[in-house]
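First up is the structure itself, then whatever we jot down about it.
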Amino acid sequence: MKALFMNANALVYRSSKQILLKKNHGLLDKIKPIVEQHQASLSQLVLRWTIERQEIKISLAGARNAQKSTQNAKEIDLKLNKEELQSIDE
């Protein structure tokens, strides 16, 4: 019985993971053109989008090193228009 329960949990986990991966790939497909248009990094775009969300009051970003931190800070110069923000939210 325990093995059956563990197998069911593993199946649910794998199915959930596959659904999330498909959703994330779809989101990346929408974001890539915006990243390229702004000549920004994915991190910069995600940080800017997060800050633009009205329900979010503060955004904290980590970085692996000082160079990444400096690169991420450049998101402040990134401006997303309403259409781009809506495209990401859809």
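In the displayed structure, Glu55 atom CD is contacted under 6.0 Å by more than 12 heavy atoms of other residues, nucleotides or ligands. Other residues, nucleotides and ligands contribute over 12 non-hydrogen atoms within 6.0 Å of the NZ atom of Lys79.
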Quick one: side chains of residues 33-40, donor-acceptor pairs under 3.5 Å with protein atoms, not counting sequence neighbours, listed by atom name and distance.
unit_1, atom_1, unit_2, atom_2, d
His38, NE2, Glu84, OE1, 3.1
His38, NE2, Glu84, OE2, 2.8

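For the side chain to side chain contact (heavy atoms under 4.5 Å, CB included) test, residues two or more places apart in sequence or in another chain that qualify with Leu27 are Lys30, Ile31, Ile88.
Of the possible polar contacts, none joining the Ser69 side chain to the Asn65 backbone as a donor-acceptor pair under 3.5 Å is found. Judged purely by atom type and a 3.5 angstrom limit, Ser87 has no side-chain atom pairing as donor or acceptor with the backbone of Glu83.
Between Trp49 and Asp89, the shortest heavy-atom contact is NE1-OD1, 2.9 Å.
Hydrophobic clustering, with ILVMFWY side chains joined whenever heavy atoms are under 4.5 angstrom apart, keeps Ile51 apart from Leu42.
With rounding to the nearest 0.5 Å, the separation of CG in Leu78 from OG in Ser41 is 8.5 Å. Note that CD of Glu52 and CZ of Arg48 are 5.0 Å apart. Values are rounded to the nearest 0.5 Å.
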* **Candidate pair Ser43 and Gln71, rule side-chain contact (heavy atoms from CB on, under 4.5 Å), full reasoning** => CA-CA 9 Å; Ser43 298; Gln71 182 185 15; over 6 Å; no
